[in-house]
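Supplied in C-alpha cells, the structure appears directly below.
One-based numbering, in listed order, for ligands and for the atoms of each.
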Amino acid sequence: MLNYLEGLNEPQREGVVNTEGPCMIIAGAGSGKTRVLTMRIAHLIKAHGVDPFSIMALTFTNKAASEMRERIEKEVGQEARNLWMGTFHSIFARILRFECDKLGYPKDFTIYDTDDSKQLVKQIVKEMGLDDKIYKPNVVFNRISGAKNKLVSWKEYISNPLFKADDESARKPRLGEIYKTYVQRCFKAGAMDFDDLLFNTNVLFKEHPDVLHKYQHRFRYILVDEFQDTNVSQYLITKKLAGVHGNICVVGDDAQSIYAFRGAEIENILNFEKDFPDLRTIKLEQNYRSTQHIVDAANGIIRNNTGQLPKNVWTANPQGESIELIQAASDTEEGRLVASAIFEEKMRKQWRSQDFAVLYRTNSQSRSLEEALRRMNIKYKIVGGLSFYQRKEIKDVLAYLRFAINPQDEQSFRRIINLPKRGIGPTSVDKIIMAAGTRYDGSIWEAVCRPAEYLPARAANAVLGFKDMVEAFRYDATRKDAYEVTRRVAKDTGIIKMLYEDKTVEGLTRYENVQELINAVKEFTDNPEVEDKSLTAFLQEVSLLTGVDQDKDDDPDKVTLMTVHMAKGLEFKHVFLVGMEEDLFPSQMMLGSRKDLEEERRLFYVAVTRAQSKLTLTFALSRYRFGRLTYGERSRFLDEIGPEHMNLSSRKVHTSTTKPASELSFARISAPTKKPTTLGARMAGAKPHKPSEGFAPSDPSKLAVGQKVEHQKFGFGTVEALDMDGMNKRAKVAFDKVGSKTLLLSFAKLRILD
Ligand SMILES: Nc1ncnc2c1ncn2[C@@H]1O[C@H](COP(=O)(O)OP(=O)(O)OP(=O)(O)O)[C@@H](O)[C@H]1O
Ligand SMILES: [Mg+2]
C-alpha cells in the first residue's frame, strides 16, 4: 500500500482514493478533514498521475495553504509547487490577471486594500455634497461590500425597491448612487477592491462562456477546505468551475461556522446536496487531535445548539488531564496566571513555547497577556494582528500624550496635528516644521503658538485651535495623574467619539483598544505600589515594556496569541482560552437572538477544539472596562462543560523568587504521571543521580555551549544552548541518560567538568 494511506482510517481512505465525482465531508473538529484533503491531492498526483496544474485547492488563509503545500511536497516532491492552491482571493486574482482585459481592466490592475477603498468612498461622499456623519465611509463601504458578496451589482441595487426602502429607512437614500460612482471610479482608476476579485470573477464567467469553458476544462479537480465559511459569491464560482468535470470535494464542519457576520452562508452545505445530486458524502467520526476530556466537553457544548447536523465524534486518545479552570481576581492577575502557567508547564513537561496558544474573544484582551508574558521573558507572537502598543489607534493616543509632555517631538506632532481631521494639510505641516527650523530656533511648539506669522489665516486658525487644546493637556499633565490626562485626551481630541461612531467590526475593535489603553492607565494609577502616578511615569513604563520589539524577532519558538476567529483549523498542545465571562464571551453584542448566541457558541466550540493535550479556561472576577473597575460574572458557557471534565485550579502567580514552583517542575520531570502531593513524595518519585563526591555547583555565568556538566539528579550532559537574558536565565542540556532538558539556572545545580 502507498505509505501515506497507512496513516488513515477507513472512511478517511475512502475520501482520499475515490477521486472522481462530487464529494462532501462534513465532520467534527479534529477528525482529519484537512488531512484527507491534503492526502487526496497527493494521491491524485502520485497514484493517478494528475498534473498539479489542473488541481485547484482553496483554503481559508494563506498560512493554511502553505502548510498544506509543504505536506504535499513531502509526498510528491517539487511538483507540489505547481498546484493552484491558496485563498479564494489570491487564486482568483491570479485568474483575473490573465483575463481582466475582457472586462476592460488593464492587465496590471491595482488591488485596493480596505483603507484605499474607504478613502475613495469618503471622497465620493464629499464630492456629492453629502453629510459624512450620515454617510460614514465605513458604513457605506460595508454596505457596498455586502452587496458585492451577494453578487448584487450597482444596477440591480439601484433598481431594486427593497434596497431603496431599506436605505430610506436608514436615512441613507443615496447609497445606491454612491455604490455606482464608487464602482465607476474604481474602474476608471484600473483598480479592484477585495470584493471585486470574487465579484468580477463571477461576471467574467457569466459574460464570457468561452473563458469559463477554458477554466472548467483546465481544472479537473477542485477542493475546498473550511467550506462552512464560504459566501455566496465563492460558492457560485466553485460550482461553475466544477461544471464540466464535476470533481469537486468540499470539507467542513457546520458546527464551526463563525463568519456569518461577514456573509458566510451555512446554507451552502445544504445547497451543495441539491446542486450535486450524485454526491458522495463521507462521515468522519474519530477525532485524532484531542484527549477524551476535551472531545467530550466539546460534544457537550455543541449539543446546546439546535440547528447543527447530528454528529457522533469520539476519540481513542487517552483521557488526558481534566480541563483546568482558573479564576483570577482581575484581568491583570489573569494575564499573570496564564504567563506563570505557561512557564511552569514548559518546565514540567519540557514543552516549547510554540506548543502553547492563548485565545481571546476580542483583540483588546491581548494587552494584559502581552504585559505578563513580557515580564516573564516568554516570547510570543500575535497572529493576524499587531501587538497592542503597535496598533494605530493606540499609537495615535500615545502620540498626543507624548506631545503633551514634550512638544518638540516631531514624530508625534506629525501623527496628531491633523488627527482627527481639522483641515491642516501636509503642506501646512511642512510649513510649520520649516518655520520651527528657520524662525523659532527649532521649536515646534513656538511655531505652533504663532502660526499667523507664516500661515494663511484659515490654516493658522486651525493650528491655534490645536494649540489651545494641547495647552490644556499640558496644564493637566502638571497637576493631574496620568489617568485624568489620558481620559481627557481621548475625549477632547474627538478620537474616542470618532471610533465610537464607526459601527463596523474594525471600528469597534479600535474603540475597544483605546478603552483598553485607558484601562491600562487606570490600573497604573490605582496600583498602590506605584508612587509616581504622573503621565511621564506612565509613558516611561510603556516604553520600557515595549522596548524590545518582539515582532521583528524571527525565532519560531513563541507562544501564539490570537483571537478565536483566527485560530480556526489550527491545533496546539496546550490552549488557554481567557476572558470566560458574561458579556465578553459570549459577547455582549451577540446576546440579542438565539441565532447570534448559537454563532457565539460555535466560536466557543472552535476554541475548545484547538487543544490537543490540555485546555485551560480562565475568567476574571473584575476587570477595568471604560476606565472603571467592573465586576464580572463567569460565562454561561462554562456551565455547558460537564463538571466531570473540569477542575478548579489553585495556580498561583509565579515570580522568579518563588522557589517551590520551580522545584515542582524538576520533580515532575522524573515522575510525569504521578500527581505528587508533598515535596517529599515528589522527590521519592525521582531517581536521583548519585553525584560525584563533594558536589559543588559552579558559577552559572561561567557556563558555555559545548561544555560538559554534571547535574545533581540528571547526571552528566553537554550544554546545548544558553539563554542568559533576563531574570529567567536557562540552559538546555543534553543529558546522557535522560535526554535534553531545559533548566532554570537560578535553581539547577550544575557543575562544570573540565
Ligand atoms: N488517521 C489518522 N491518524 C493519525 N492522526 C491523524 C489521523 N487523521 C488525522 N490525524 C491528525 O489529527 C489532527 C487533526 O486533523 P485535521 O487538522 O486534518 O482535522 P480537521 O478535521 O481538519 O480539524 P478542524 O475541523 O479543526 O479543521 C492532525 O494533527 C492530524 O494530523
Ligand atoms: Mg481542518
Heavy-atom contact check, 4.0 Å cutoff: does L8 meet ligand 1?
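Per 4.0 Å heavy-atom rule, L8 contacts ligand 1.
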
Tell me the protein heavy atom at minimum distance from atom 13 (C) of ligand 1, and give that distance in Å.
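Of every protein heavy atom, E571 OE1, 3.3 Å lies nearest to atom 13 (C) of ligand 1.
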
Minimum heavy-atom separation for N287 to T315, with atom names?
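N287 and T315 have their closest heavy atoms at O-OG1, 2.7 Å.
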
For the pair F272 and F276, name the ring-plane relationship: parallel under 30°, tilted 30 to 60°, perpendicular over 60°.
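Geometry flag for F276 against F272: tilted rings.
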
Name the closest protein heavy atom to atom 16 (P) of ligand 1, giving the residue it belongs to and the distance to 0.1 Å.
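Answer, as residue, atom name and distance: G32 CA, 3.7 Å.
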
Are R220 and D51 within salt-bridge range, i.e. N to O under 4.0 Å?
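Not counted as a salt bridge, because no side-chain N and carboxylate O are separated by less than 4.0 Å.
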
Return the option from E10, Q12, R610 holding the heavy atom at the smallest distance from atom 1 (N) of ligand 1.
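Considering heavy atoms of E10, Q12, R610, the nearest to atom 1 (N) of ligand 1 sits in Q12.
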
Between E6, R289, M68, which one has a non-hydrogen atom sitting closest to atom 24 (P) of ligand 1?
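It is R289 whose heavy atom sits nearest to atom 24 (P) of ligand 1.
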
Can an N or O of K33 be found at a distance shorter than 3.5 Å from an N or O of ligand 1?
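It does: an N or O of K33 is found under 3.5 Å from an N or O of ligand 1.
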
Identify the protein heavy atom lying closest to atom 22 (O) of ligand 1, giving its residue, its atom name and the separation to 0.1 Å.
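That would be T34 OG1, 2.8 Å.
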
Tell me which protein heavy atom sits closest to atom 9 (C) of ligand 1, plus the residue, atom name and distance to 0.1 Å.
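Looking only at protein heavy atoms, the one closest to atom 9 (C) of ligand 1 is R35 CD, 3.2 Å.
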
Are K346 and D355 close enough for a salt bridge, meaning some N to O gap below 4.0 Å?
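No, no charged N to carboxylate O under 4.0 Å.
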
Could an N or O of ligand 1 be found under 3.5 Å from any N or O of G569, whether backbone or side chain?
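Between G569 and ligand 1, no N or O pair is found under 3.5 Å apart.
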
Are E370 and R367 close enough for a salt bridge, meaning some N to O gap below 4.0 Å?
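No, this pair does not count.
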
Just checking, any donor-acceptor pair under 3.5 angstrom between side chains of E334 and S368?
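No - no donor-acceptor pair under 3.5 Å links their side chains.
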
With the threshold set at 4.0 Å, does a side-chain nitrogen-carboxylate oxygen contact exist between R69 and E73?
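The answer is no: the pair does not qualify as a salt bridge.
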
Of the protein's non-hydrogen atoms, which lies at the shortest distance from atom 2 (C) of ligand 1, and what is that distance?
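The closest one turns out to be G7 O, 3.2 Å.
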
Give me the nearest non-hydrogen protein atom to atom 4 (C) of ligand 1 as residue plus atom name, then the distance to 0.1 Å.
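In this structure, atom 4 (C) of ligand 1 has Y288 CD2, 3.6 Å as its nearest protein heavy atom.
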
Tell me whether Q612 has any N or O atom under 3.5 angstrom from an N or O of ligand 1.
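No.
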
Looking just at side-chain N and O atoms, do E265 and Y259 make a donor-acceptor pair shorter than 3.5 Å?
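No.
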
